[in-house]
Q: 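Here's a structure for you.
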Amino acid sequence: MVLGKKRHALLLNLFQVQYGPTRWGSTLSMINQLIEQRDVMEKCLNSHTHSITLLTDSEWEKLRVIEKLLQPCERVSCMLGGEKYVRSQ
């Protein structure tokens, strides 16, 4: 099966976030993209013979919980990363 342009673009976009062990924001970005693109990934993988193990419903739920836990951290990080406060030099 040849992927349509939209599906292909979504899958390429999924892997553009670089993981860094000390960068929780990159983890949140990857989780957001996985959840957002779950249907496309599953349809694509289910249409091919492969040895990739798909996530279970329980694992998807764990990702949703982690996403909800990290979202407030992202908001605070964005607030603190702004230009509206005095920085020491």
Q: Donor-acceptor pair, distance only, cut-off 3.5 Å: does the side chain of Glu42 make one with the backbone of Asp39?
A: no
Q: Quick check: closest heavy atoms across Glu67 and Ile35, and the distance to 0.1 Å?
A: OE1-CD1, 3.4 Å
Q: Met41 and side-chain contact (heavy atoms from CB on, under 4.5 Å): which partner among Leu54, Leu34, Asn46, Leu55?
A: Leu34
Q: May I ask you to decide whether Arg38 forms a salt bridge with Asp57, counting only side-chain N to carboxylate O separations under 4.0 Å?
A: yes
Q: Looking at CG of Leu69 and CD of Glu74, how far apart are the two atoms once the value is rounded to the nearest 0.5 Å?
A: 13.5 Å
Q: Supply the atom-to-atom distance Thr27 OG1 to Leu63 CG, rounded to the nearest 0.5 angstrom.
A: 11.0 Å
Q: With salt bridge (Lys or Arg N to Asp or Glu O under 4.0 Å) as the criterion, how do Arg64 and Glu61 come out once you've worked through the C-alpha distance, each side chain's angles and the decisive distance to 0.1 Å?
A: CA-CA 5 Å; Arg64 283 187 205 92; Glu61 185 56 35; 3.2 Å; yes
Q: Going by heavy atoms in the side chains, are Gln33 and Met30 under 4.5 Å from each other?
A: no
